[in-house]
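Treat the numbers as computed from the prediction; the structure is a model and nothing was measured. Every chain is numbered from 1, with letters handed out A, B, ... down the list of sequences.
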Number of protein chains: 2
Amino acid sequence: MLKISELAERSGLSAHTLRFYEKNGLIRPSKRSEAGYRLYDAADLRKAEFIRTARSIGFSLDDIAVLLSIRLDKESHTCEEVTVITQRKLDDVSKRIAELRSMQKTLTILLDSCCGGLETATHCSIMEALEDDAPGIEDTDAETHSKAGS
Amino acid sequence: MLKISELAERSGLSAHTLRFYEKNGLIRPSKRSEAGYRLYDAADLRKAEFIRTARSIGFSLDDIAVLLSIRLDKESHTCEEVTVITQRKLDDVSKRIAELRSMQKTLTILLDSCCGGLETATHCSIMEALEDDAPGIEDTDAETHSKAGS
DNA sequence: GTTGACCTTAGACTTGGCTCTAAGGTTTAT
DNA sequence: ATAAACCTTAGAGCCAAGTCTAAGGTCAAC
């Protein structure tokens, strides 16, 4: 059996984080020592690794809680349930990427427009662009997801 | 002169947000009425719009505070200062996009691998992938920004 | 028999950007 | 004269996912 810091080292999560996950219902030690120390077995380690993998893919702790409950009794759940969670996450990620790409595009245009030199900023095209609502860019679209908008 | 809710309406920021920005040193009304009401003039409106535009491009409030101080006295600042902030923001955004794209790729692979049907999750390939450290994917790289790292 | 490295708990703090509340004062319209 | 619709302030709450602290208990080594 592993003590918390041993599980931490093996799982790549910190002891603090493991306790935090426990408080949030994700992982509980399968045993306690007489003194009350958390003791984890091999299955707990696999679970911790599962959580870490899922986190690294971007799943929220809430998603992971659901995935863990499915994992606990796969017979009672379907592939559909799993794909629904995954698809929802993919949609989130894709949406966020689109937002960031719009920002990226705007920032790139701004940088391209400015000399970036040691001139005074009096006529800085970036500053000027920020004064306009659409900063010199026809297609800012940053949080304006008004594709159909005039 | 505009009262706060009038500025809010014209600038697209809420009155709450304007007060919050004031507390954070971004925008202060150029006057107060006898009763202590905030009163904003046309320059304040332009400033509020500047802030809103900068926010929509993704600049943090800290960045915007710096941009505003440059805006206040452009003669004493250079294009370089402005591009440094913009470039740093672009780098942030690009890095975040790369992280999200890695997640997106992984999620897409997971979804492609799973039937998504009403079968029990017993052999769900997504669940199986999450059990592995690298979920069936050679190139997770999600928070591993170790391009040069061994 | 004491040092030092662990472990326990409850709970506060962090980040960033709001968002809201409470408790009161002002203005405007009727 | 009074109600509705504003305005003020300080400060709390929210989100997610940790991160850290304080105050104490335990365990192995020397």
Let me know the distance between CD of B:Glu34 and P of C:dT26, rounded to the nearest Å.
11 Å
Heavy atoms only, 4.0 Å cut-off, all strands: where does A:Ser5 land among base, sugar-phosphate and nothing?
sugar-phosphate
Does the pair A:Glu22/A:Arg32 count as a salt bridge with the N-to-O cut at 4.0 Å?
yes
For A:Gln104 and B:Ser94, which I'm curious about, is there any donor-acceptor pair between the side chains at under 3.5 Å?
yes
Presence of salt bridge, B:Lys3 and B:Glu6, under 4.0 angstrom
no
Could you give the CG-to-P distance, from A:Leu18 to D:dA17, as a whole number of Å?
16 Å
Has the side chain of A:Tyr21 got a donor or acceptor that lies under 3.5 Å from a partner of the other kind on the base of D:dG18?
no
To the nearest angstrom, the CZ-C1' distance between B:Phe20 and C:dT21 comes to 17 Å
Using the closest heavy atom to pick a nucleotide of DNA chain D for each, name whichever of A:Gly58 or B:Gly36 lands nearer the 5' end.
B:Gly36
Starting at atom CD of A:Glu6, determine the distance to atom P of C:dA5, rounded to an integer number of angstrom.
16 Å
Spacing between B:Arg19 atom CZ and C:dC20 atom P, to the nearest angstrom:
12 Å
Can you check the A:Ile4 CD1 to D:dT19 C1' distance for me, whole Å?
14 Å
Taking for B:Tyr37 and for B:Ser60 the nucleotide of DNA chain C with the nearest heavy atom, the one nearer the 5' end belongs to B:Ser60
I'd like to know if the side chain of A:Ser125 reaches the main chain of A:Ser113, judged simply by a donor and an acceptor atom lying under 3.5 Å from each other, with no hydrogens or angles considered.
yes
A:Glu22 CD to C:dT9 P: how many Å, rounded?
7 Å
Does the side chain of A:Arg38 get closer than 4.0 angstrom to OP1 or OP2 of C:dT9 through an N or O atom?
yes
Does B:Ser14 place a side-chain N or O at less than 4.0 Å from the phosphate oxygens OP1/OP2 of C:dC18?
no
Rounded to whole Å, how long is the line connecting atom CG of B:Leu2 with atom P of D:dC7?
11 Å
Between B:Thr17 and C:dG17, does any side-chain N or O lie under 4.0 Å from OP1 or OP2?
no
Would you tell me if any nitrogen or oxygen in the side chain of A:Arg32 comes within less than 4.0 Å of OP1 or OP2 on C:dT9?
yes
Within 45° of the six-membered ring axis of A:Phe50 and under 6.0 Å from that ring's centre, is NZ or CZ of A:Arg71 located there?
yes
